[in-house]
Amino acid sequence: MDQDNNVEDESVGPAEDNSEEELPCLPSGLSDSEAMEVLWQLRAQRRQSSPELPETVTRLTSADGSLLYLVGTAHFSDSSKKDVATTIRAVQPDVVVVELCQYRVSMLKMDENTLLREAKDINLDKVQQAIKQNGLMSGLMQILLLKVSAHITEQLGMAPGGEFREAFKEAGRVPFCKFHLGDRPIPVTFKRAIAALSLWQKARLAWGLCFLSDPISKEDVEKCKQKDLLEQTMSEMIGEFPALHQTIVAERDIYLTHTLRQATRCVEAPPNAQKVPAVVVGVVGMGHVPGIEKNWEKQLNISEIMSVAPPSRFGWVLRAVIKGVMMGMLGYACYRAGGSLGRALVSLPAVQSVLENLRPPPA
């Protein structure tokens, strides 16, 4: 994992896949340096100098001449998967960067059926894990957003993130291609989003997510790739929750721009390690493309969008009330069940942890 300016830029190993375009069998007796040179030349032959790419692809150039092909996608779209595969095969990149962080990397190696089951199955374990990872309010908001994802999954019969899995698979077919996770860690995003909302806004957002039931078609999803429709949707969201748009979209535009610019550094070409401009493919939601274009040549302050404010006194009171209610219910259950069972339950590590957390934080 490369680290720069305290920003994590994680690499993931290549996918093992029987591809249509397998790497050739190299002649025996080649040294490591000779084999590397042969593979480098093979990739250069496959790389198209003036590729015809889908209209969802935006081309950006870095100061040292490196090229970024930014693929804007809809997260529940078959055609987005095709756009990603077409782009990677045409440009044979040095690096592929996707809009994922280390907390969501598991979706790259799960099959479609497993992901469908996971997306639809929101159980108590997932709720507890989300709260433990993100805190009470951020964890509950994550569960509500998972519910939205599950609603779309159920409507379309399609698991999210297909374009990222396609990128992972195709990157494994390109010699020397690295695969990077380019998004801000999701706990940071959730905590900053919740902190930016007022209590009334949190209640309104939770209510809207809880009762989401509008039907969604595959045609609706494909419309998300049209920039004008996306800008209209973003404008509506800005009007209702401007702070939410700032933390979930605008700040991540900055973070993604930073990681994409890091990926476009020059690479070393065999056999003499000469520095040459890199070719990079970025795979992000279409909603992030305008922000990345806007920030591409700006000076960016990443530390500013990585800080998380400590829990407020109100947050502690709310957690204490909820835990108190839970303990009251547990106490009543113990009373009904009998003293010996009650003592056994109270001695459990999980219950002891809850009791410990009820203590107020230091002033």
Side-chain angles (χ1 to χ4, degrees), residues 2-11 47-75 80 83-84 86-88 90-101 163-164 167 171 177-185 188-189 192 224-231 233-235 238 245-267 275-306:
D2 301 319
Q3 288 193 337
D4 198 305
N5 297 332
N6 297 321
V7 177
E8 291 185 352
D9 179 18
E10 291 206 1
S11 298
R47 181 178 285 170
Q48 300 175 22
S49 57
S50 301
E52 290 187 12
L53 300 174
E55 61 181 14
T56 55
V57 178
T58 301
R59 177 172 150 159
L60 298 171
T61 306
S62 70
D64 60 16
S66 296
L67 293 176
L68 168 65
Y69 295 92
L70 191 62
V71 188
T73 67
H75 294 316
S80 285
D83 291 351
V84 169
T86 298
T87 303
I88 292 176
V91 306
Q92 296 286 295
D94 298 288
V95 184
V96 171
V97 182
V98 296
E99 183 198 331
L100 287 176
C101 68
E163 75 273 31
F164 303 138
C177 184
K178 296 179 181 179
F179 190 91
H180 288 182
L181 308 176
D183 203 0
R184 181 171 67 178
V188 175
T189 297
R192 285 183 63 84
C224 287
K225 293 165 66 179
Q226 301 173 11
K227 292 185 181 180
D228 54 346
L229 175 71
L230 205 65
E231 286 169 3
T233 306
M234 289 299 177
S235 297
I238 289 171
H245 176 270
Q246 176 64 26
T247 51
I248 291 182
V249 180
E251 289 183 0
R252 287 172 61 225
D253 288 346
I254 293 172
Y255 192 97
L256 286 164
T257 303
H258 177 75
T259 53
L260 287 164
R261 286 204 313 215
Q262 284 190 317
T264 55
R265 292 169 176 167
C266 287
V267 294
K275 294 280 188 179
V276 297
V279 173
V280 178
V281 170
V283 182
V284 301
M286 183 58 78
H288 290 293
V289 173
I292 292 170
E293 288 185 273
K294 176 183 172 183
N295 292 312
W296 186 246
E297 296 182 357
K298 290 184 178 180
Q299 286 289 113
L300 304 176
N301 186 348
I302 297 302
S303 58
E304 204 173 73
I305 61 169
M306 291 298 290

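Please read all numbers here as calculations on a predicted model, not as lab measurements. In what follows, every heavy atom counts, from backbone to side chain, and hydrogens, waters and symmetry copies are set aside.
Between the side chain of T259 and the backbone N or O of L256, at least one donor-acceptor pair lies under 3.5 Å. Side-chain atoms of S80 come within 3.5 Å of backbone atoms of A74 as a donor-acceptor pair (strictly under, hydrogens ignored). Between the side chain of W296 and the backbone N or O of R261, no donor-acceptor pair lies under 3.5 Å.
M286 CE to T58 OG1: the interatomic distance, rounded to the nearest 0.5 Å, is 7.0 Å. Distance check, rounded to the nearest 0.5 Å: CD1 of I292 to CG of D253 gives 6.0 Å. Atom CD of E293 is separated from atom CG of L68 by 10.0 Å, given to the nearest 0.5 angstrom. Interatomic distance, CD of E251 versus CE of M306, reported as 10.5 Å (0.5 Å rounding). For the atom pair CD1 of I254 and CD1 of I305, the computed distance is 5.0 Å after rounding to the nearest 0.5 Å.
For the residue pair Y255 and P185, the shortest heavy atom distance occurs at OH-CD, 4.0 Å. Among all heavy-atom pairs drawn from C266 and S66, the shortest one is N-OG, 4.2 Å. When all heavy atoms of G72 and V289 are compared, the pair lying nearest together is CA-CG2, 3.8 Å. The two residues F164 and F179 have their closest heavy-atom pair at O-CZ, 4.2 Å. For the pair V97 and A263, the tightest heavy-atom approach, listed with the atom from each and the gap, is CG2-CB, 3.7 Å. Counting all heavy atoms, side chain and backbone alike, A167 lies closest to V96 at CB-CG1, 4.1 Å.
T56 places a side-chain heavy atom less than 4.5 Å from the side chain of P54.
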Practice problem: Show the numbers, then the answer: is there a side-chain contact (heavy atoms from CB on, under 4.5 Å) between V57 and L70? | Solution: CA-CA 5 Å; V57 178; L70 191 62; 6.0 Å; no
Exercise. Test side-chain contact (heavy atoms from CB on, under 4.5 Å) on V280 and L67 and set out the steps.
Key: CA-CA 6 Å; V280 178; L67 293 176; over 6 Å; no
Exercise. Walk me through it: do V279 and Q92 pass the test side-chain contact (heavy atoms from CB on, under 4.5 Å)?
Key: CA-CA 8 Å; V279 173; Q92 296 286 295; over 6 Å; no
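For the pair D94 and R47, the salt-bridge criterion is met [side-chain N within less than 4.0 Å of a carboxylate O].
In this view, E99 and R252 satisfy the salt bridge (Lys or Arg N to Asp or Glu O under 4.0 Å) rule, not counting sequence neighbours. Not counting sequence neighbours, the partners of S62 by the side chain to side chain donor-acceptor pair (under 3.5 Å) test are D64. Scored by the salt bridge (Lys or Arg N to Asp or Glu O under 4.0 Å) test, K275 finds E268 as partners (sequence neighbours excluded).
Put simply, the residue from T73, V98, V281 that forms a side chain to side chain contact (heavy atoms under 4.5 Å, CB included) with V84 is T73. Applying side chain to side chain contact (heavy atoms under 4.5 Å, CB included) to T257 and the options L300, L60, V284 leaves one that passes, L300.
More than 12 heavy atoms of other shown residues, nucleotides or ligands fall within 6.0 angstrom of atom CD in Q48.
With hydrogens and angles left out, the side-chain atoms of T189 and R184 include a donor and acceptor closer than 3.5 Å.
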